[in-house]
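Report on the structure given below.
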Amino acid sequence: MKKIILSAALMTTGFMMGQITLEKNFSSENLQVYTNADDTFYYTTGYDISQIKIYKADYTIYKQFTPSVPAGYNMFVDQYKNNFILSKNVFNTDNNLEIIVTFEKYNTTTNQREYIIRIYSENGVVLQEFGPNYSFSDEYDINIYHDNITNTNKLRIFNQGTNSTEIYNLPTTTLSAKEVQSKGKLSAFPIPANKTLNITNPVNGSTLVNVYDSSGKLVVNKSFNNADYTIRIDVEDLPKGTYIYKIGNMSSKFIKN
């Protein structure tokens, strides 16, 4: 009887494993995926690349172009998909795709990395350039969000040269608002948290963060300045478990160790 059960279990496992099949292998290419309600595209990511490639859902080339690289810089395309690295209707209103391409160099005088950030259309046309001396060393340096107060899309970016935060208005249509709102989410680190939870300010019009336990009880609330880049919450005294933190109409979970 045990042999029959084991055999059935193995057959079930084999059947389930058989559902995962390799559909496409992009040899020697690092790609990220962009999706919306109507489209799926794959696009080049990685460091020290020379060409931008965008593939359609059927894996055929949709667009490709070779950006001009400023002297002394290396080119890369960030892999964090929630940063709108590839997007549509966010930076322009012509229904073409847009892609953020970054150029990086190390300044031996200041011992800092310097960045030039360009937003290209799918046809290789530069829509906007920031730099030099803008920050883009991780996923939190560029924040694209929908401001519910003004019903507009905005871009927050940090200028290392002037040590200042810059807020830009983006062209906002019904489609672009939907695009940004659909991807808007809260992010925090570290997770799990032990002593402090660092929340990236979503700049969504709210200046209050609330933390709830698994029963829905409010356990922490803290006001912050809308210009604050990171909101630090003391969670050291909270019991271990899963919590929900909320800012305005956005919420996410974290685990307390």
Exercise for review: Check step by step if side-chain contact (heavy atoms from CB on, under 4.5 Å) holds for Ile85 and Val77.
Suggested key: CA-CA 8 Å; Ile85 301 302; Val77 176; 3.6 Å; yes

Check your understanding: Can you find a pair of side-chain heavy atoms, one from Thr207 and one from Ser223, that are under 4.5 Å apart?
Key -> no

Practice item. Taking Ser206 for its side chain and Ile247 for its backbone only, find out whether a donor-acceptor pair lies under 3.5 Å. Key: no

Study note, to complete from the structure: Taken to the nearest 0.5 Å, the spacing of Asn225 CG from Ile231 CD1 works out to 10.0 Å

**Study point:** Lys88 side chain reached by Asp39 side chain, heavy atoms, under 4.5 Å
**Key:** yes

Study note, to complete from the structure: Those residues at least two apart in sequence (or on a different chain) that pass salt bridge (charged side-chain N to carboxylate O under 4.0 Å, His left out) with Lys256 are none

Review point. Measuring from Leu155:CG to Ile117:CD1, what's the distance to the nearest 0.5 Å?
Key: 8.5 Å

Study note, to complete from the structure: Note: Glu98 and Val90 closest approach over all heavy atoms is OE2-N, 3.1 Å

Point to revise | Between CG on residue Asp228 and CD1 on residue Ile199, distance to nearest 0.5 Å | key: 11.5 Å

Exercise for review: Verify whether the ring centers belonging to Phe26 and Tyr59 lie closer than 6.0 Å.
Suggested key: yes

Practice item. Answer yes or no: are there more than 12 heavy-atom neighbours, outside Lys222 itself, under 6.0 Å from its atom NZ? Key: yes

Check your understanding: Under 4.5 Å between side-chain heavy atoms, hopping through other hydrophobics if needed: is there a path connecting Ile116 to Val125?
Key -> no

Revision key, fill the gap. Heavy-atom closest pair (Glu114 atom, Gln160 atom, distance to 0.1 Å) is CA-NE2, 4.4 Å

Review point. Going by the angle between their ring planes, with limits at 30° and 60°, are Tyr243 and Phe254 parallel, tilted or perpendicular?
Key: parallel

Check your understanding: If every non-hydrogen atom of Ala177 is compared with every non-hydrogen atom of Thr172, which pair is closest and at what distance?
Key -> CB-CG2, 4.3 Å

Review point. So, does Thr108 use its side chain to make a donor-acceptor pair with the main chain of Tyr106 at under 3.5 Å?
Key: no

Check your understanding: Does the side chain of Glu166 pick up a donor-acceptor pair with the side chain of Tyr134 at under 3.5 Å?
Key -> yes

Exercise for review: Only counting residues at least two apart or in another chain, list the ones meeting ring-ring contact (aromatic ring centres under 6.0 Å, His included) with Phe103.
Suggested key: none

Exercise for review: Establish whether Val126 and Phe136 are linked, either directly or via other cluster members, by ILVMFWY side-chain heavy-atom contacts under 4.5 Å.
Suggested key: yes

Practice item. Side-chain contact test, heavy atoms from C-beta onward, threshold under 4.5 Å: evaluate it for Leu31 versus Val33 and give yes or no. Key: no

Review point. Given side chains that start at C-beta, do those of Tyr115 and Phe76 come closer than 4.5 Å, heavy atoms only?
Key: yes

Check your understanding: So do Tyr55 and Thr60 actually touch side chain to side chain, heavy atoms under 4.5 Å?
Key -> no

Review point. Is any side-chain heavy atom of Ile52 less than 4.5 Å from a side-chain heavy atom of Tyr120?
Key: no

Check your understanding: Which distance, rounded to the nearest 0.5 Å, do you find between the NZ of Lys56 and the OH of Tyr42?
Key -> 13.5 Å

Exercise for review: Side-chain contact test, heavy atoms from C-beta onward, threshold under 4.5 Å: evaluate it for Ser214 versus Thr242 and give yes or no.
Suggested key: no

Quick one: side chains of residues 63-74, donor-acceptor pairs under 3.5 Å with protein atoms, not counting sequence neighbours, listed by atom name and distance.
from, atom 1, to, atom 2, distance (Å)
Lys63, NZ, Asn123, OD1, 3.0

Review point. Is the closest side-chain donor-acceptor distance between Tyr62 and Glu122 under 3.5 Å?
Key: yes

Check your understanding: Closest approach of Asp78 and Tyr43, non-hydrogen atoms and distance?
Key -> O-CE1, 4.5 Å

Practice item. Say whether Ile142 and Tyr47 are linked into one hydrophobic cluster, either directly or through other cluster members, by side-chain heavy-atom distances under 4.5 angstrom. Key: yes

Check your understanding: In the single-linkage hydrophobic clustering (I, L, V, M, F, W, Y; side-chain heavy atoms under 4.5 Å), do Val219 and Ile244 co-cluster?
Key -> no

Exercise for review: Using the side-chain contact (heavy atoms from CB on, under 4.5 Å) rule, pick out the option among Ile119, Asn153, Leu97 that qualifies with Phe91.
Suggested key: Ile119

Review point. Which residues satisfy the side-chain hydrogen bond (donor to acceptor under 3.5 Å, both in side chains) test with Ser28, sequence neighbours excluded?
Key: none

Practice item. Of all the heavy-atom pairs spanning Asn96 and Asn92, show the shortest one and how long it is. Key: O-OD1, 3.8 Å

**Study point:** Remaining members of hydrophobic cluster (4.5 Å side-chain criterion), Leu218
**Key:** Tyr212

Check your understanding: Considering residues at least two apart in sequence or located in another chain, which fulfil the salt bridge (charged side-chain N to carboxylate O under 4.0 Å, His left out) criterion with Lys154?
Key -> Asp147

**Study point:** Exceeds 12 heavy-atom contacts within 6.0 angstrom, atom NZ of Lys217
**Key:** no

Review point. Should Ile49 and Phe41 be counted in the same cluster of Ile, Leu, Val, Met, Phe, Trp and Tyr side chains packed under 4.5 Å apart?
Key: yes

Point to revise | Nearest heavy atoms of Asn257 and Lys240, plus distance in Å | key: C-CG, 3.3 Å

**Study point:** Interatomic spacing from CZ in Arg118 to CD1 in Ile100 - rounded to 0.5 Å
**Key:** 14.0 Å

**Study point:** Rounded distance [0.5 Å steps], CD1 in Ile255 versus CD1 in Ile191
**Key:** 7.5 Å

Point to revise | Validation row: Tyr245, Ile233 side chains within 4.5 angstrom (heavy atoms) | key: no

